[in-house]
Amino acid sequence: MNGTLYSYFFICKRKLWFFANHIKFENYNEDVRIGKQIDEQTYCGEHRGLMIDGNNKIDFIDGQHVLHEVKKSKSIDNAHVAQAKYYAYMLRKSGGIVEKIVINYPELNQKYEYVLTEDDYKEVEDTILQIETLLKSGLIPSKPERQMRICKACAYYEFCYI
């Protein structure tokens with residue numbers, strides 16, 4: 001399990017399944033490349049790229065127990081928040097303290113702050129169980145009945161609609 005996989009649960013279960021089963025097209029997707037470039041070129045002076053359990057990379061943490069994630073656009077902001085909560089949960093499991101998460105959108109010159117609660121950590125645990133159940137089922141989730149607004153930018157678009 002990693003943060004990308006976890007966030008896909010909130011975007012599209014089919015995308016989650018493809019990614020979890022090593023069908024990965026993100027390296028060929030222009031939107032993903034742009035997002036990685038934004039991530040690498042912003043907030044350079046911060047403590048960046050903290051690895052948790054060898055499988056999760058946090059964008060950066062400031063000295064006030066605040067976990068930051070850097071994102072390209074707000075089109076799937078619920079998944080961005082969920083991913084940051086997952087990272088906070090993973091840090092907590094390894095003895096770290098995170099009191100707040102901040103989602104940074106440098107291209108939009110915006111940021112959103114969320115104070116974490118015990119309910120957030122419980123929600124992460126519940127979601128991890130749901131993801132594990134979905135993946136253990138062995139069934140590929142069906143494509144959405146109708147395209148969502150984010151589908152055309154998805155690296156897996158052709159698997160669903162062409």
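Throughout, numbering of the chain's residues begins at 1 and tracks the sequence.
Val66 belongs to a hydrophobic cluster whose remaining members, ordered by chain and number, are Val102; membership requires side-chain heavy atoms of ILVMFWY residues under 4.5 Å apart, directly or through intermediates.
Closest approach of Tyr87 and Ile52 over heavy atoms only: O-CD1, 3.8 Å. Looking at every heavy atom in both residues, Ile101 comes nearest to Lys85 through CD1-CG, 3.9 Å. Across all non-hydrogen atoms, the minimal contact from Asp53 to Asn56 is OD1-ND2, 3.1 Å. Heavy-atom minimum distance, Glu113 versus Lys100: OE1-NZ, 3.2 Å. For the pair Ile103 and Ala84, the tightest heavy-atom approach, listed with the atom from each and the gap, is CD1-CB, 3.8 Å.
Distance check: Ile140 CD1 to Leu16 CG gives 12.5 Å after rounding to the nearest 0.5 Å. Rounding to the nearest 0.5 angstrom, the gap separating the OG1 atom in Thr133 from the NZ atom in Lys136 is 6.5 Å. Cys154 SG to Gln147 CD: the interatomic distance, rounded to the nearest 0.5 Å, is 10.5 Å. Rounded to the nearest 0.5 angstrom, Phe9 CZ and Ile11 CD1 are separated by 12.0 Å. Here the CG atom belonging to Leu108 is positioned 6.5 Å from the NZ atom belonging to Lys74, to the nearest 0.5 angstrom. Interatomic distance, Asp126 CG to Ile128 CD1, rounded to the nearest 0.5 Å: 9.5 Å.
The aromatic rings of Phe18 and Phe159 sit tilted, their planes meeting at an angle between 30° and 60°. Below 30°, between 30° and 60°, or above 60°: for Tyr6 and Tyr86 the angle between ring planes is below 30°, a parallel geometry.
You'll find the side chain of Ile58 reaches within 4.5 Å of the side chain of Leu91, heavy atoms only. Looking at Lys13 and Leu134, their side chains come closer than 4.5 Å, going by heavy atoms from C-beta outward. Side-chain contact between Tyr161 and Cys151 is present, with heavy atoms from C-beta onward closer than 4.5 Å.
The cationic atom of Lys15 (NZ for Lys, CZ for Arg) lies less than 6.0 Å from the six-membered ring centre of Tyr8 and within 45° of the ring axis.
Counting only N and O atoms by type, the side chains of Gln83 and Lys71 include a donor and acceptor under 3.5 Å apart. In the model, Asn104 has a side-chain atom that pairs as donor or acceptor with a side-chain atom of His68 under 3.5 Å. There is a side-chain donor-acceptor pair under 3.5 Å between Gln110 and Tyr112.
Applying the ring-ring contact (aromatic ring centres under 6.0 Å, His included) rule to Tyr89 yields no partners; only residues at least two apart in sequence or on another chain are considered. Partners of Tyr114 under the ring-ring contact (aromatic ring centres under 6.0 Å, His included) rule, at least two apart in sequence or in another chain, do not exist in this structure.
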Would you sort out whether Tyr156 and Ile23 count as a side chain to side chain contact (heavy atoms under 4.5 Å, CB included), showing the intermediate values?
CA-CA 9 Å; Tyr156 301 97; Ile23 302 170; 4.2 Å; yes
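A ring-centre distance under 6.0 Å is found for Tyr105 and His80.
Around atom CD of Glu125, more than 12 heavy atoms belonging to other residues, nucleotides or ligands sit under 6.0 Å away.
A donor-acceptor pair under 3.5 Å is formed between the side chain of Glu69 and the backbone N or O of Asp59. In this structure, His65 contributes its side chain and Ile97 its backbone to a donor-acceptor pair below 3.5 Å. A donor-acceptor contact shorter than 3.5 Å links the side chain of Asn2 to the backbone of Leu5.
A salt bridge links Glu118 with Arg92: at least one charged nitrogen is closer than 4.0 Å to a carboxylate oxygen.
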